[in-house]
Chemist: 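Pasting in a structure now, in structure tokens, and then I'll have a few things to ask.
Counting begins at 1 with the first residue of the sequence. For ligands, and for the atoms within them, numbers begin at 1 and follow the listed sequence.
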Amino acid sequence: MKILFLDQSGKLGGAELSLLDVASAFSPHCLVGVFQDGPFPQALASRHIPYQVLAQSSIAVSKESPWADGAKSLGQLAPLVATIARLGQDFDLIYTNTSKALILGALASRLCGKPLVHHLRDIVSPEHFSRANRTLLVTAANWCAAHVIANSVATQAAFIAAGGAAQTISVIYNGFAPAAYQTAPEARADLRAELGWHDKFIVGHFSRLAPWKGQHILLEALAQCPDPVVALLVGDALFGEDDYVKGLYRQVQRLGLTHRVKFMGFRSDIPPLMQACDLITHTSIAPEPFGRVIVEAMLCQRPIVAAAAGGAVELVTDGETGWLCPPNQAQTLGDLINHSYHHPEQTQAIAQAGYHHALTHFTLDQTHQALRQLLGEFSTKG
Ligand code: UDP
């Protein structure tokens, strides 16, 4: 089965990291078409996955853009659609991984007559998309996609609520290679010493810096915790959220937390960094489509506190495989962090239960098997 994958971003967000894992199962009989150069194409190259950067500049339409912006970019999009349609002729299936890729891939699939499957990794709701973009996305999927794969039940439900066809969507969870999350036993102590935090209770946060990811909630919660509790913020602003980042630095100053917070920027060594932490928090204030970091924390045998909305509630059973905290509730998050700090045995038991849960439900092998079966049904090779 030959697949043409499409993704709009040159950055390494969760959708692109997931696609790296998916495409590796179909390599070398695939091509990943990316609409922007950057770390994502570089990561594809380093894994020897065939790829092509299809556009010279990024597409100037965001999830929040109104109709007018989309219409203005048509001149930029038409040649890209033609390129995709031409490439598509050599493949059995077009697989789109992001919303802009869906729009262009949908048009191209009509032109080249190849089936299209969209992997929906977004919650199609007003918190994440303008009305114009919700309509566009759902219409393109309903008209042109042979099937839509949702990365969680929450993603599937939002799609249907936005007018998406219920009979064409099913759920396949993201999978992870457990071995990638095992690190040398001494790595934890080494990293903690390097950070100057060997005797601290380190609360980790692993996400791009963006208002809806809620790093500010963690800072507010941290201010309620005793001094030995510190926070490691791993991630950078990927999509122009520079004002939010400046606000986070100001918040750290205002709350007197300068010696208790470290901003690490974007990192590629997530497993050892997670293992250096005592607790990992996920604090999104809008529903998370899936939440890769939650499963990654489990595979690193670290306890997770996740915001109870969207796909996160499908990953964590509160008090068993992690803790769930209402989104946007710094006080409750602070209480949970304090609880974990004061109850190491329960915290350890939760981390172990989370680890076994992730090993049972979220392996890459399971995801690959489900994808192969589903894509086989819809490809022209069927
Ligand atoms: N991540 C990373 N480096 C960082 C911060 C995050 O590689 O500095 C990874 C993280 O490990 C996870 C992904 O980015 O695999 C984020 O995926 P998630 O589903 O949590 O959120 P998204 O970015 O898709 O909204």
Chemist: Looking at ligand 1, does Phe290 have a heavy atom less than 4.0 Å from it?
Modeler: no
Chemist: Between Asp90 and Lys114 (salt bridge meaning N to carboxylate O under 4.0 Å), is one present in this structure?
Modeler: no
Chemist: With backbone taken as N, CA, C and O and side chain as the heavy atoms from C-beta onward, which portion of Val293 lies under 4.0 Å from ligand 1: side chain, backbone, both, or neither?
Modeler: both
Chemist: Starting from atom 1 (N) of ligand 1, which protein heavy atom do you reach first, and at what distance in Å?
Modeler: Ile270 CD1, 4.0 Å
Chemist: Provide, to 0.1 Å, the distance between atom 11 (O) of ligand 1 and the closest protein heavy atom, together with that atom's residue and name.
Modeler: Glu296 OE1, 2.7 Å
Chemist: For atom 17 (O) of ligand 1, grab the closest protein heavy atom and report residue, atom and distance to one decimal in Å.
Modeler: Gly14 CA, 3.4 Å
Chemist: If you count heavy atoms of other groups shown closer than 6.0 angstrom to CZ of Arg47, is the number above 12?
Modeler: yes
Chemist: Salt bridge check, Arg134 against Asp122: does any charged N sit closer than 4.0 Å to a carboxylate O?
Modeler: no
Chemist: Check each heavy atom of Met264 against ligand 1 and say whether those closer than 4.0 Å belong to the side chain, the backbone, both or neither.
Modeler: neither
Chemist: One residue to check: Arg121. Relative to ligand 1, which of side chain, backbone, both or neither has a non-hydrogen atom less than 4.0 Å away?
Modeler: neither
Chemist: Who's the nearest protein heavy-atom neighbour of atom 18 (P) of ligand 1, and how far?
Modeler: Arg292 N, 3.6 Å
Chemist: With heavy atoms under 4.0 Å as the rule, classify the contact between His282 and ligand 1 as side chain, backbone, both or neither.
Modeler: neither
Chemist: What residue and heavy atom of the protein are closest to atom 21 (O) of ligand 1, and at what distance?
Modeler: Lys213 NZ, 3.1 Å
Chemist: Verify the distance criterion only: is there a donor paired with an acceptor across the side chains of Thr281 and His205 at less than 3.5 Å?
Modeler: no
Chemist: State, to 0.1 Å, how close Val293 and His282 come at their nearest heavy-atom pair, and which atoms those are.
Modeler: CG2-CD2, 4.1 Å
Chemist: Return the residue, atom name and 0.1 Å-rounded distance of the protein heavy atom closest to atom 9 (C) of ligand 1.
Modeler: Leu17 CD1, 3.5 Å
Chemist: Looking at Arg267, which atoms of ligand 1 are within less than 4.0 Å of one of its heavy atoms?
Modeler: 2 (C), 3 (N), 4 (C), 7 (O), 8 (O)
Chemist: Counting C-beta onward and ignoring hydrogens, is there a side-chain heavy-atom pair between Pro228 and Asp199 closer than 4.5 Å?
Modeler: no
Chemist: So that I can tick it off, tell me whether Asp236 and Lys11 are bridged by a salt bridge, with the cut-off set at under 4.0 angstrom between side-chain N and carboxylate O.
Modeler: no
Chemist: Hey, is NE2 on His339 packed in by over 12 heavy atoms from elsewhere, all under 6.0 Å?
Modeler: yes
